[in-house]
Amino acid sequence: MKAVGINGYGTIGKRVADAVSCQDDMQIVGVTKRTPDYEAMMAVNKGYPLYISVPDREKLFDKADITVTGTIEELYDKIDIMVDCTPEGIGARNKKIYQEKGIKGVFQGGEKHDQIGKSFNSFANYSDNWGVDYVRVVSCNTTGLCRTLKPIDDLCGIKNVRAVMVRRGADPSQVKKGPINAIIPNPPTVPSHHGPDVQTVMYDLNIITMALLVPTTLMHQHNLMVELKNPVSVDEVIDHLEATPRVLLVEADSGLGSTAEIMECARDLGRPRSDLFEIAVWKESINVKDGELFYMQAIHQESDVVPENVDCIRSMLELEEDSIKSIEKTNKNMGILE
Ligand code: NAD
């Protein structure tokens, strides 16, 4: 069992901790918290050894009566790899520390590709990160784009992609973020950074993206227009996506015509935190016209990158050479639909 630490037990960190815990080739030996809040208490209740990420804040944990196992300095000595889930920009700074300590590091999409050196998506470039020391799992939006574009590229080749992404304004718990009543071109310039981000894992893909922020917290929504190299029918695309792991075809006709209804269905699935790790593609939206494929999809931003983090650890620690076997193992252990 490889020893994994989580630095930053927030939205992504707590989910990755649970996903690692249900695998049989890796285990969580500690998670870190900077603030003694309810998430810190819940980490202790779940049995995760809790370490303080900023050691001079120990008194705050004492005052909150939260039992800690030690400081992050002690955690470094116990792990093979740290999954850094700290807020955007902090991970790149932490990379230097991990290098000094001689431990590997997985980073999240808030970090810049150039600062980490390599980026990861389970389907696009698993083997390129074999044994690598520092790797970034691409963002929730980029993961969503890769999950469907990679199988389509495999099926019929892609000449170029145009995508318009409607992004959630904030995660459900982010009370200080917005917008509350506006649609914000974000960025107002074209292209957005998402296309180049996809190219950090699907290196030769021609892709241009535009993005908006809207007042919702549930999911992102993407609209894709894909010029194809080879002819393909709608049915072939549907069959191929249906057979693709971590992609779920949903039908507006069966009551799943919005992100709200898709997340209600995710609640009904009874998974932890009602997460939907799969990318939901609206079946009715899939159309092919004059060599161009059109489709719409929804992304649960808080959870789609979580299984990718597990596969990334497996590739970096050389635990499983075959990406498909890793994906299957992660899915089975996390209860992800086949
Ligand atoms: P978050 O704010 O929910 O969690 C971050 C955690 O790190 C918190 O527990 C916070 O207390 C802790 N922290 C803050 N400063 C720290 C420090 N100096 N050292 C150690 N820990 C510290 O953030 P998040 O949404 O989980 O985002 C983490 C990373 O994942 C970011 O790079 C983000 O861009 C990326 N990401 C977020 C989402 C999403 O929708 N939330 C999706 C995909 C990727």
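We count ligands from 1, going down the list as the structure has it; atoms in each ligand are counted the same way.
- Around the CG atom of Leu319, the shell of radius 6.0 Å holds more than 12 heavy atoms that belong to other residues, nucleotides or ligands.
- The number of heavy-atom neighbours closer than 6.0 Å to CD1 of Ile183, taken from other residues, nucleotides and ligands shown, is 12 or below.
- Pocket lining of ligand 1, defined as residues with a non-hydrogen atom under 4.0 Å away: Asn7, Gly8, Tyr9, Gly10, Thr11, Ile12, Lys33, Arg34, Ser53, Cys85, Thr86, Pro87, Glu88, Ile90, Gln108, Gly110, Cys140, Arg168, Asp171, Gln301.
- With sequence neighbours excluded, the residues forming a salt bridge (Lys or Arg N to Asp or Glu O under 4.0 Å) with Glu308 are Arg147, Arg246, listed by chain and number.
- Listed by first and then second residue, the salt bridge (Lys or Arg N to Asp or Glu O under 4.0 Å) pairs involving residues 16-45 are Lys14-Glu39, Asp18-Lys46, Asp18-Arg273, Asp24-Lys329, Asp25-Arg314, Lys33-Asp37, Lys33-Glu39 (not counting sequence neighbours).
- Side-chain N or O atoms of Ser315 include one that pairs as donor or acceptor with a backbone N or O of Trp130 at under 3.5 Å.
- For Phe123, there are no ring pair (Phe, Tyr, Trp, His ring centres under 6.0 Å) partners two or more places apart in sequence or in a different chain.
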